[in-house]
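Here the structure is laid out as structure tokens; the discussion comes afterwards.
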2 protein chains.
Amino acid sequence: MAQKIKLSTIAEALNVSTATVSLALRDSPLVADATRERIKEHARTIGYIYNRRAASLRTSRSGIVGVVVHDIMNPFFAEILRSIESELDRSRQTFLLSNHYDQLEKQRTFIDTLLQLGADGVIMSPAIGTPAADIQLAEANGLPAVLIARSVEDADVPVFRGDDAYGIGLATNHLISLGHRRIAMIGGTDQTSTGRDRYRGYVMAMEAAGLPVETRWRIPGPRTKQAGFEASQQFLALKDKPTAAVCWNDLVAIGLMNGIARAGLVPGVDVSVTGYDDLEEAAIATPALTTVWNGQREVGRRAARTLLDRLNGVEVHGGQELIRPELHVRQSTGKPVER
Amino acid sequence: MAQKIKLSTIAEALNVSTATVSLALRDSPLVADATRERIKEHARTIGYIYNRRAASLRTSRSGIVGVVVHDIMNPFFAEILRSIESELDRSRQTFLLSNHYDQLEKQRTFIDTLLQLGADGVIMSPAIGTPAADIQLAEANGLPAVLIARSVEDADVPVFRGDDAYGIGLATNHLISLGHRRIAMIGGTDQTSTGRDRYRGYVMAMEAAGLPVETRWRIPGPRTKQAGFEASQQFLALKDKPTAAVCWNDLVAIGLMNGIARAGLVPGVDVSVTGYDDLEEAAIATPALTTVWNGQREVGRRAARTLLDRLNGVEVHGGQELIRPELHVRQSTGKPVER
DNA sequence: CTGAAAGCGCTTACAG
DNA sequence: CTGAAAGCGCTTACAG
């Protein structure tokens with residue numbers, strides 16, 4: 001690798017100042033057209049590489065936006081990420097991705113890295129137990145934050161998430177209207193705002209219909225296909241086995257249906273199952289999954305836009321913005337069959 | 001946000017030089033223990049944030065490693081990424097992730113960003129059509145590269161991937177040994193080294209067993225669950241319908257099985273299906289999928305280690321390193337049933 | 001429209 | 001063991 005090419009290399013070769021080169025490369029109208037073209041042409045031919053670290057040290061804007069979620073491999077987040085990506089792409093921000101796997105320490109390390117790199121902002125689905133102080137620390141050091149999927153109490157930043165209580169109510173009421181009276185709730189945890197809201201939505205719907213809510217019908221925990229698959233055993237062994245299951249998300253629902261099928265029962269007939277999120281996969285599952293669309297693309301798009309607005313100095317108010325979910329009925333739910 | 005805290009803030013407060021502070025914070029043995037502790041303690045209490053841009057401008061090491069793959073949401077890559085992540089984590093490198101969706105332009109933009117940020121290295125699954133020159137450009141500008149999953153002709157860098165011809169041979173031979181004679185190959189493309197190798201492995205196994213290879217039994221293209229699902233129609237309408245299908249990967253296989261089930265046939269009985277990759281999902285599919293373990297974790301781990309070696313100045317030789325796949329037999333394959 | 005000079009916040013020889 | 005000074009490669013007032 002030859003001598004490093006920098007602004008001054010170009011400046012010397014063309015007999016102009018580095019200031020002129022700098023301005024020309026950034027298409028400043030201050031530079032005469034001819035000069036600008038000459039400079040850009042030369043930069044291209046000698047293979048000049050812009051040094052963003054140097055620029056950012058000077059300007060204190062880095063062009064980096066951090067995104068941290070529980071797990072990027074989870075298709076729910078994957079769909080959100082895709083829409084954040086496409087939104088950010090057009091603004092020429094680089095996005096730095098990370099998982100925290102719900103470990104506060106990992107999340108802190110990532111935020112620290114962003115601060116060190118002088119990132120312009122962060123979009124995060126906060127790890128379980130994130131204190132408001134962690135977010136305030138970021139904000140206080142010039143790293144504006146926008147939350148997705150989960151909220152953090154007392155953190156005065158914008159939050160975009162689905163209306164979980166309402167959404168799970170749609171699924172529960174759908175089952176009730178089909179005639180189900182014993183309905184289980186599988187998966188989720190009380191440690192997240194989402195978990196609490198969904199359970200509350202389920203209980204409210206049951207009670208509004210005058211149906212009993214048995215604590216043993218709740219199997220908390222599962223959030224993955226594998227865990228849903230394993231939960232099927234517990235579900236099938238339940239005394240007064242429910243005829244339907246409201247699942248935490250599509251992954252749990254699909255796993256549960258696989259487990260039910262493995263046990264020789266027919267999901268959608270012997271047991272009605274609802275999912276949540278409406279992943280691409282829901283429509284091609286067997287049977288096709290009745291589920292609640294959770295507005296992933298919308299969440300990602302609005303979170304990204306809001307952050308970009310903040311970066312551009314637009315005044316943005318904190319607080320939750322709830323996306324309204326929709327029920328998508330398919331083949332995994334039907335009238336109850338008693339055997 | 002108050003006055004920005006920097007090295008000199010600490011130096012002035014404690015009446016030492018910035019050099020001493022800099023050394024102390026990086027645990028240099030050159031600094032007396034007492035001084036070091038005093039400095040670190042003070043840095044902590046006033047909330048000092050290390051400015052990596054400034055440091056990296058000076059040292060020309062950034063602590064950033066780029067990783068770019070076709071699609072991080074694809075579980076095959078997801079598993080590779082997880083192992084890269086855990087390997088990189090212990091070396092305190094930050095990793096910058098990106099998708100290129102097989103678009104050369106996106107890949108180029110990403111590599112360019114890495115160069116501008118002064119990244120230390122890149123691990124990539126090259127986009128279809130990546131010329132060796134793209135990789136040489138990176139290397140020439142001080143960005144060492146390591147390839148995963150696909151190779152690029154004439155690029156003299158380390159490559160880690162599975163032995164695809166051998167692996168698909170395992171699946172094909174398994175079906176042949178069960179008595180299948182008409183075997184389809186679903187998915188994949190001739191535009192990637194992986195695609196060519198897998199098709200070659202299938203053809204070789206068929207010919208070695210003296211079986212005919214009909215071009216209409218090949219349905220190229222599908223690489224996703226959705227596409228596999230859609231391909232089932234074409235497959236089921238085939239003249240002399242094959243009794244088994246070797247699929248490009250687990251996603252295609254699961255999609256295909258869903259499509260077969262939707263048509264009223266029983267996958268694993270009426271049609272035997274094999275996958276490729278052995279994703280976590282393969283074991284809980286219905287029926288459980290017979291597939292070929294493709295060594296994702298191994299690929300990620302070794303690619304990351306090799307890159308870290310290069311960063312530490314260890315001499316590394318270019319060229320392919322093939323991970324040997326293994327057949328995992330489950331319920332989706334059985335003796336042929338003629339109707 | 002263009003140039004000379006200062007400065008962003010670190011680290012690294014070098015001197016003591 | 002510690003300090004004074006130069007320099008990494010940009011951008012930004014300021015002057016002309």
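Order of the sequence lines fixes the chain letters, A, B, ..., with proteins taken first and strands second; residue numbering starts at 1 for each chain. All heavy atoms count here, side chains included; hydrogens, waters and symmetry mates do not.
Side chains of A:Arg53 and B:Ser56: a donor on one and an acceptor on the other come within 3.5 Å. Between the side chains of A:Arg150 and A:Thr130, no donor-acceptor pair is found at a separation under 3.5 Å.
Residues satisfying the side chain to side chain contact (heavy atoms under 4.5 Å, CB included) test with A:Arg90, not counting sequence neighbours, are A:Glu87, A:Arg305. Under the side chain to side chain contact (heavy atoms under 4.5 Å, CB included) criterion, A:Ile49 pairs with B:Leu115, B:Gln116, B:Asn141, sequence neighbours left out.
Electrostatic pairing of A:Arg301 and A:Glu298 counts as a salt bridge here, judged by a charged N lying under 4.0 Å from a carboxylate O. No salt bridge links B:Glu41 with B:Arg38; every basic N to acidic carboxylate O contact stays at or beyond 4.0 Å.
The separation between A:Arg53 atom CZ and D:dC8 atom P is 13 Å, rounded to whole Å. D:dA6 atom C1' lies 13 Å from atom CG of B:Leu57, rounded to whole Å. In this structure, CG of B:Leu115 is placed 16 Å from C1' of D:dG9, rounded to the nearest angstrom. Protein atom CG of B:Leu30 is 14 Å distant from nucleotide atom P of C:dT11, rounded to whole Å. Between A:Leu7 atom CG and C:dG3 atom P the separation is 13 Å, expressed in whole Å. Whole-Å rounding puts the B:Arg52 CZ to D:dG9 P distance at 19 Å. Atom-to-atom, CD of A:Glu12 to C1' of C:dG3 comes out at 14 Å; the value is rounded to the nearest Å. Between the CG atom of A:Leu25 and the C1' atom of D:dG9 there is a distance of 13 Å, rounded to whole Å.
Applying the 4.0 Å criterion to OP1 and OP2 of C:dC8, one finds that A:Ser60 has every side-chain N and O outside that range. The phosphate of C:dC10 (OP1 or OP2) has no side-chain N or O of B:Ser22 nearer than 4.0 angstrom. Note on B:Thr20: a side-chain N or O is less than 4.0 Å away from OP1 or OP2 of D:dG3. Taking only side-chain nitrogens and oxygens, B:Tyr48 never comes nearer than 4.0 Å to OP1 or OP2 of C:dG9. Residue A:Arg26 places at least one side-chain N or O closer than 4.0 Å to OP1 or OP2 of D:dT12.
At least one side-chain heavy atom of A:Ile148 sits under 4.5 Å from a side-chain heavy atom of A:Val69. Annotation: side chain of A:Leu104 is in contact with side chain of A:Asp134 (closest heavy-atom distance under 4.5 Å).
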Are there any protein N/O atoms within less than 3.5 Å of an N/O atom in nucleotides 13-16 of chain C, and if so, which ones and at what distance?
none

What side-chain donor-acceptor pairs closer than 3.5 Å can you find for residues 8-25 of chain B, not counting sequence neighbours?
unit_1	atom_1	unit_2	atom_2	d
B:Thr9	OG1	B:Lys6	N	2.8
B:Thr9	OG1	B:Lys6	O	3.1
B:Ser17	OG	B:Ala19	N	3.4
B:Ser17	OG	B:Thr20	N	3.2
B:Ser17	OG	B:Thr20	OG1	3.1
B:Ser22	OG	B:Arg26	NH2	2.8

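Among the duplex regions that DNA chain D forms, those built from at least three successive Watson-Crick or G-U pairs under 3.5 Å are C:1-3 with D:14-16, C:5-12 with D:5-12, C:14-16 with D:1-3, ordered by first number.
Of the residues in residues 32-40 of chain B, those with a non-hydrogen atom less than 4.0 angstrom from any atom of DNA chain D are B:Ala32, B:Thr35.
A donor-acceptor pair is defined here as one N or O able to donate and one able to accept, closer than 3.5 Å; such a pair exists between the side chain of A:His100 and the backbone of A:Ser125. Although no hydrogens or angles enter the test, the distance criterion places a donor-acceptor pair under 3.5 Å between the side chain of B:Asp120 and the main chain of B:Gly63.
In this structure, the nucleotide among C:dC10, D:dT11, C:dT12 sitting nearest to the side chain of B:Thr59 is C:dT12. Out of C:dG3, C:dT11, C:dG9, the shortest distance to the side chain of B:Ala55 is found at C:dT11.
Between B:Phe77 and B:His70, the ring-plane angle classifies as tilted under the 30° and 60° cut-offs.
In terms of position along DNA chain D, the nucleotide closest to B:Ala54 lies nearer the 5' end than the nucleotide closest to the other residue of the pair B:Ala54 and A:Arg58.
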